[in-house]
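Below is one structure; the comments refer to it alone.
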Amino acid sequence: MRDLFDETKTIMKKYGIKANKDLGQNFLINNEVVENIIKSSDVSKEDLIIEIGPGLGTLTKRLLENAGKVICIELDKKMIKILNDRFGDYSNFEIINDDVLKVDLNKIIKENLNNNIKKAKIVANLPYYITTPIIMKLLEDKLDIDSIVVMIQKEVAERLIETPGGKNTGAITHTIFYYCESEKVMEVPNSSFIPEPEVTSEVIKMKLRKKPAVELDNPKVMFMIIKSAFMQRRKTLLNSLTNAQVFTNKQEGLEILKKLNLEENVRAENLKLEDYANIAREIEK
């Protein structure tokens, strides 16, 4: 860890850099974490890697050594100069100075996949304050990507990789499960960064499914139901969905729950994704 620590401190001193709290910057100084991210990303010369928020380029360096091409998307202009100085001579390096939420990732991927580069993968040490919007964009834009490996806040990570119905289930758990098979790679203590964040981090891998976990003509209805259920998660599912007018009235809700063999007092977090899919099918009828 000392080598990466010294390298990071040297770069920060050379460019007069301090971590930008507004951008959620914490610089990784743990070699083991870097190597685990590279290994779990399964990077090869046939891969296009899109790295979101590369910062000083700690991960970028190892990605460039292993991937066919690396496209970095970085918002902070100070980091752009550092990254260009460090990696401008690499033939497989490209950088985009923009907010990832505004970038057309579909276009980038289509322009870069070819006979030599066959798969696109996302790798990122995501700013914690904007983790969910970025991950939702990656999934909802239906990108042609193989996998997403990200380091995020542990508490959020455990919701993302939970199996629906498990103790850490949230609305986003169902969305991730619908699109991906996900797993924990490693826990990352806050001492792995400068400055140290106040929370523990976790690296997770989300492998995109060839087909969604459930087949639905209109999955938007299911996701609307899930969102409505979890917005009032302390209430029973029946009350939540009646209040949100997903069920026209309580009686209709009771009939649907009974038909699907769901208890009258069941709560949002107790349902599996297939249960929500079944409710969606009944509502659409």
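A quick note: this is a predicted structure, and the numbers were derived from the prediction, not measured.
The line from CG of Leu63 to CZ of Phe87 is 9.5 Å long, rounded to the nearest 0.5 Å. Atom CG of Leu64 sits about 10.5 Å away from atom CG of Leu59, to the nearest 0.5 Å. To the nearest 0.5 angstrom, Asp47 atom CG is 12.5 Å from Ile145 atom CD1. In this structure, the separation between OH on Tyr129 and CD on Gln153 is 14.0 Å, given to the nearest 0.5 Å. The line from NZ of Lys272 to NE2 of His174 is 10.0 Å long, rounded to the nearest 0.5 Å. Summarising the geometry, atom CD1 belonging to Ile172 is positioned 5.0 Å from atom CG belonging to Leu160; distances are rounded to the nearest 0.5 Å.
Surrounding CG of Asn114 are more than 12 heavy atoms belonging to other residues, nucleotides or ligands, all under 6.0 Å away. Shown here is Lys45, whose NZ atom has more than 12 heavy atoms of other residues, nucleotides or ligands within 6.0 Å. More than 12 heavy-atom neighbours from other residues, nucleotides or ligands sit within 6.0 angstrom of NZ on Lys137. The local environment of CG in Asn249 is crowded, with over 12 non-hydrogen atoms from other residues, nucleotides or ligands closer than 6.0 Å.
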Tell me which donor-acceptor pairs under 3.5 Å the side chains of residues 161-170 have, and how far apart each pair is, sequence neighbours excluded?
residue, atom, partner, partner atom, Å
Glu162, OE2, Lys167, N, 3.4
Glu162, OE2, Asn168, N, 3.0
Glu162, OE2, Asn168, ND2, 3.4
Thr169, OG1, Gly165, N, 3.0
Thr169, OG1, Gly166, N, 3.0
Thr169, OG1, Gly166, O, 2.7

Legend entry - Test log, rule side-chain contact (heavy atoms from CB on, under 4.5 Å), inputs Ile17 and Ile11: CA-CA 8 Å; Ile17 290 294; Ile11 293 168; 5.9 Å; no
Inset, instruction - Report the C-alpha distance between Glu274 and Arg281 in whole Å, list the side-chain angles of each, state the deciding distance to 0.1 Å, and finish with yes or no for salt bridge (Lys or Arg N to Asp or Glu O under 4.0 Å). - result: CA-CA 10 Å; Glu274 187 62 51; Arg281 291 182 188 111; 3.0 Å; yes
Inset, instruction - Report the C-alpha distance between Ile135 and Ile176 in whole Å, list the side-chain angles of each, state the deciding distance to 0.1 Å, and finish with yes or no for side-chain contact (heavy atoms from CB on, under 4.5 Å). - result: CA-CA 9 Å; Ile135 289 175; Ile176 301 298; 3.8 Å; yes
Legend entry - Ile194 and Met12: CA distance, side-chain angles, deciding distance, side-chain contact (heavy atoms from CB on, under 4.5 Å) verdict: CA-CA 11 Å; Ile194 48 174; Met12 290 175 75; 3.9 Å; yes
Inset, instruction - Could you walk me through whether Glu65 and Arg62 pass the salt bridge (Lys or Arg N to Asp or Glu O under 4.0 Å) test, one step at a time? - result: CA-CA 5 Å; Glu65 290 165 1; Arg62 294 289 288 118; 2.7 Å; yes
Legend entry - side-chain contact (heavy atoms from CB on, under 4.5 Å) between Met186 and Glu32, intermediate numbers included: CA-CA 10 Å; Met186 70 180 301; Glu32 183 192 353; 4.2 Å; yes
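Heavy atoms only, all atoms of each residue included: Val33 and Ser192 are closest at CG2-OG, 4.4 Å. Between Asn26 and Asn125, the shortest heavy-atom contact is O-ND2, 3.9 Å. When all heavy atoms are compared, the tightest approach of Thr236 to Glu264 is CB-O, 4.3 Å. In terms of heavy-atom proximity, Tyr276 sits nearest to Ala229 at OH-CB, 3.7 Å. Smallest separation of non-hydrogen atoms from Pro54 and Leu83: CG-CD1, 3.6 Å. Annotation for Leu241 and Ile225: closest pair CD2-O, 3.7 Å, computed over non-hydrogen atoms.
The existence of a salt bridge linking Glu111 and Lys107 is confirmed by a sub-4.0 Å separation between a basic side-chain nitrogen and an acidic carboxylate oxygen.
The backbone N or O of Ala67 sits less than 3.5 Å from a side-chain atom of Asn92, completing a donor-acceptor pair. The backbone N or O of Ser240 lies less than 3.5 Å from no partner atom in the side chain of Asn243, so there is not a single donor-acceptor pair. Judged purely by atom type and a 3.5 angstrom limit, Asp141 has no side-chain atom pairing as donor or acceptor with the backbone of Leu143. Between the side chain of Asn84 and the main chain of Lys81, no donor-acceptor pair closer than 3.5 Å is present. For Arg209 (side chain) and Cys180 (main-chain N/O), a donor-acceptor pair under 3.5 Å exists by modelled atom type. Of the possible donor and acceptor atoms, one in the side chain of Asn97 sits under 3.5 Å from a partner among the backbone N and O of Glu74.
Aromatic ring orientation, Tyr178 versus Phe223: perpendicular (interplanar angle above 60°, classes split at 30° and 60°).
Side-chain atoms of Asp42 and Ser147, non-hydrogen and from C-beta on, never get closer than 4.5 Å to each other. Using a 4.5 Å heavy-atom cutoff, the side chains of Lys9 and Phe27 are not in contact. Inter-residue side-chain proximity for Ile73 and Ile50 is flagged as met; some heavy-atom pair is nearer than 4.5 Å. Counting only heavy atoms from C-beta outward, the side chains of Phe93 and Cys72 approach each other to under 4.5 Å. Between Glu46 and Lys119 there is no side-chain heavy-atom pair separated by less than 4.5 Å. Looking at heavy atoms from C-beta onward, Ile204 lies in side-chain contact with Val150 at the 4.5 angstrom threshold. With a 4.5 Å cut-off on side-chain heavy atoms, Met79 and Leu56 count as touching. Using a 4.5 Å cut-off on side-chain heavy atoms (C-beta onward), Lys121 and Val149 make no contact.
Every residue meeting the side chain to side chain donor-acceptor pair (under 3.5 Å) condition with Asp76, not counting sequence neighbours, appears here in chain and number order: Gln25.
Leu271 and Met231 end up in different hydrophobic clusters when Ile, Leu, Val, Met, Phe, Trp and Tyr side chains are linked at under 4.5 Å.
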